[in-house]
Protein chains: 2
Amino acid sequence: MLTVRLDSEEPLADQILRGIRSAIASGELPPGAELPPVRQLAVDLGVNLNTVARVYRVLQTSGLVHTARGRGTRVTNNREVPATDRNEALERMTQQAEALLADAKLAGMRRAQVERLWERACQTIWPTA
Amino acid sequence: MLTVRLDSEEPLADQILRGIRSAIASGELPPGAELPPVRQLAVDLGVNLNTVARVYRVLQTSGLVHTARGRGTRVTNNREVPATDRNEALERMTQQAEALLADAKLAGMRRAQVERLWERACQTIWPTA
DNA sequence: GTCATTGTCTCATAGTGTGATACTTTGGGG
DNA sequence: CCCCAAAGTATCACACTATGAGACAATGAC
């Protein structure tokens, strides 16, 4: 379901966070779904249990999951999106998109290739079929 | 031309690097164009000159600019794209795109909004007009 | 040769990411 | 009722990184 690279420059916690957020966004982890215990996921990924625990805490702080001692962690049912984050998120995403496209162009990719990549990513997050 | 946020969680050097890479990719900094001296850019951005110097070094290592003591830094004329980086770059971009879209969806954005944002970013990097 | 200008090097320091280990809460089975 | 297994949490340590301060070295104009 999820993998991490220890040799990546992206921190382990960030990789895990990204993976779980994607899974929640796409519906692969629907509301109410239970996440694996920190220890198990930690062993599966080959990282320290604290690393996973910190990710779970971030997810809880942002309201995506609900977690409690002794009872596990599961995806929140009804999420409220805080409107305050909107503008900030918009700017961040704009920068991210620009960086992605700059990377692509400087790596020698054609625009059409990037569009295909984008389409596939959209299918992952907003599955139509 | 370029700004940084000291309160951002993104490191200063990364912000600067991102900005310059975008400028080169879009053609705003065409081949042969001279970059500002490290000291001047450092003052303009309000960061240490080392931070800028490190960014220039990264750019030089990746072949985007040519820099020499006492003579300044300018954008490389004829770039060769190392083919070895292609696959790695592709995977990184796919992950980046997925993360961006997951962020967008979890922030409550509609797909159409994200598409508009994407279109605008494309216009920045691949200006058609 | 001298000097201003350019990038480079060295060192110090605060902060961050990760890990090892111990603790606390919860709920179920003797 | 008691205790234990299982779940998340807290504390401490340590390496590494990002940034900054200041000294150094190469270049070219005069």
Side-chain angles (χ1 to χ4, degrees), chain A residues 1-21 24 29 32-76 95 99, chain B residues 1-21 24 29 32-76 95 99:
Chain A
M1 146 193 175
L2 182 62
T3 60
V4 296
R5 306 206 154 170
L6 299 105
D7 62 326
S8 167
E9 91 177 279
E10 186 182 15
L12 298 174
D14 288 2
Q15 296 181 50
I16 301 169
L17 182 64
R18 186 163 48 73
I20 298 181
R21 283 176 62 91
I24 294 178
L29 279 177
E34 191 155 357
L35 273 66
V38 290
R39 280 169 185 79
Q40 181 188 323
L41 186 52
V43 169
D44 288 354
L45 297 179
V47 303
N48 191 274
L49 86 170
N50 279 311
T51 306
V52 177
R54 284 167 196 132
V55 171
Y56 281 17
R57 189 120 35 123
V58 171
L59 289 168
Q60 158 144 277
T61 302
S62 58
L64 286 176
V65 306
H66 179 34
T67 159
R69 263 185 188 167
R71 271 181 302 153
T73 302
R74 56 186 61 225
V75 178
T76 307
Q95 292 176 344
Chain B
M1 147 190 175
L2 182 61
T3 60
V4 296
R5 306 208 155 167
L6 298 105
D7 62 325
S8 167
E9 92 177 279
E10 187 183 14
L12 298 174
D14 288 4
Q15 296 182 51
I16 301 169
L17 183 65
R18 188 163 46 75
I20 297 182
R21 282 176 62 90
I24 294 178
L29 278 176
E34 192 155 357
L35 272 67
V38 289
R39 280 170 185 77
Q40 181 188 322
L41 186 52
V43 169
D44 288 354
L45 297 178
V47 303
N48 190 274
L49 87 169
N50 280 311
T51 306
V52 177
R54 282 168 196 131
V55 171
Y56 281 16
R57 190 122 33 125
V58 171
L59 289 168
Q60 157 143 277
T61 301
S62 59
L64 285 177
V65 304
H66 179 32
T67 158
R69 262 185 189 168
R71 270 181 301 153
T73 302
R74 59 185 57 224
V75 179
T76 306
Q95 293 176 344

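Chain letters run A, B, ... following the sequence lines, proteins first and then strands; every chain starts at 1.
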(request) Would you kindly give the CG-to-C1' distance between A:Leu35 and D:dG8, to the nearest whole Å? (result) 13 Å
(request) For residues 32-47 of chain A, pull every pair meeting salt bridge (Lys or Arg N to Asp or Glu O under 4.0 Å), keeping only residues two or more places apart or in separate chains. (result) A:Glu34-A:Arg74
(request) Determine yes or no for a side-chain-to-main-chain donor-acceptor pair under 3.5 angstrom, with A:Thr76 supplying the side chain and A:Leu64 the backbone. (result) yes
(request) Using a 3.5 Å limit on both pairing distances, list the dot-bracket string of DNA chain C from the 5' end; Watson-Crick and G-U wobble pairs count, crossing pairs take [ ], interstrand pairs take |. (result) ||||||||||||||||||||||||||||||
(request) Take the protein atom CG of A:Asn48 and the nucleotide atom C1' of D:dA15, then report the distance between them rounded to whole Å. (result) 14 Å
(message) Rounded to whole Å, how long is the line connecting atom CD of A:Glu10 with atom P of D:dT17?
(response) 15 Å
(message) For the OG1 atom of B:Thr73 and the NE2 atom of B:His66, what is their distance to the nearest 0.5 Å?
(response) 9.0 Å
(request) Grab the CD-C1' distance between A:Glu34 and D:dA6 for me, whole Å please. (result) 12 Å
(request) Not counting sequence neighbours, list each pair that qualifies as a side-chain hydrogen bond (donor to acceptor under 3.5 Å, both in side chains) and has a residue in residues 1-17 of chain B. (result) A:Glu91-B:Arg5, B:Glu10-B:Arg18
Do any N or O atoms of the protein come closer than 3.5 Å to N or O atoms of nucleotides 11-17 of chain C, and which pairs are they?
none

(request) Calculate the interatomic distance between A:His66 atom NE2 and C:dT26 atom P; express it in whole Å. (result) 11 Å
(request) Identify which nucleotide among D:dG22, C:dG7, C:dC9 has an atom closest to any side-chain atom of B:Thr73, counting heavy atoms from C-beta outward. (result) C:dG7
(request) To the nearest 0.5 angstrom, please state how far the CG atom of A:Leu12 sits from the CG atom of A:Leu45. (result) 9.0 Å
(request) Please tell me which of the listed nucleotides, C:dT6, D:dA21, D:dG8, lies nearest to the side chain of A:Thr67? (result) D:dG8
(request) To the nearest Å, give me how far apart CG (B:Leu17) and C1' (D:dA18) are. (result) 14 Å
(request) Heavy atoms under 4.0 Å is the rule here; annotate nucleotides 25-30 of chain D 5' to 3' with B where the base is hit, S where only the sugar-phosphate is, and - elsewhere. (result) SSSS--
Using residues 54-61 of chain B as the side-chain source, report each donor-acceptor pair under 3.5 Å to any protein atom, sequence neighbours left out, with the distance given to one decimal.
from: B:Tyr56; atom 1: OH; to: B:Pro36; atom 2: O; distance (Å): 2.6
from: B:Gln60; atom 1: OE1; to: B:Thr67; atom 2: N; distance (Å): 3.1
from: B:Thr61; atom 1: OG1; to: B:Arg57; atom 2: O; distance (Å): 2.9

(message) Quiz question: going by heavy-atom distance under 3.5 Å, is there a donor-acceptor pair between the base of D:dA10 and the side chain of A:Asn50?
(response) yes
(request) May I ask you to verify if any side-chain N or O of A:Thr51 is less than 4.0 angstrom from the OP1 or OP2 atom of C:dG19? (result) yes
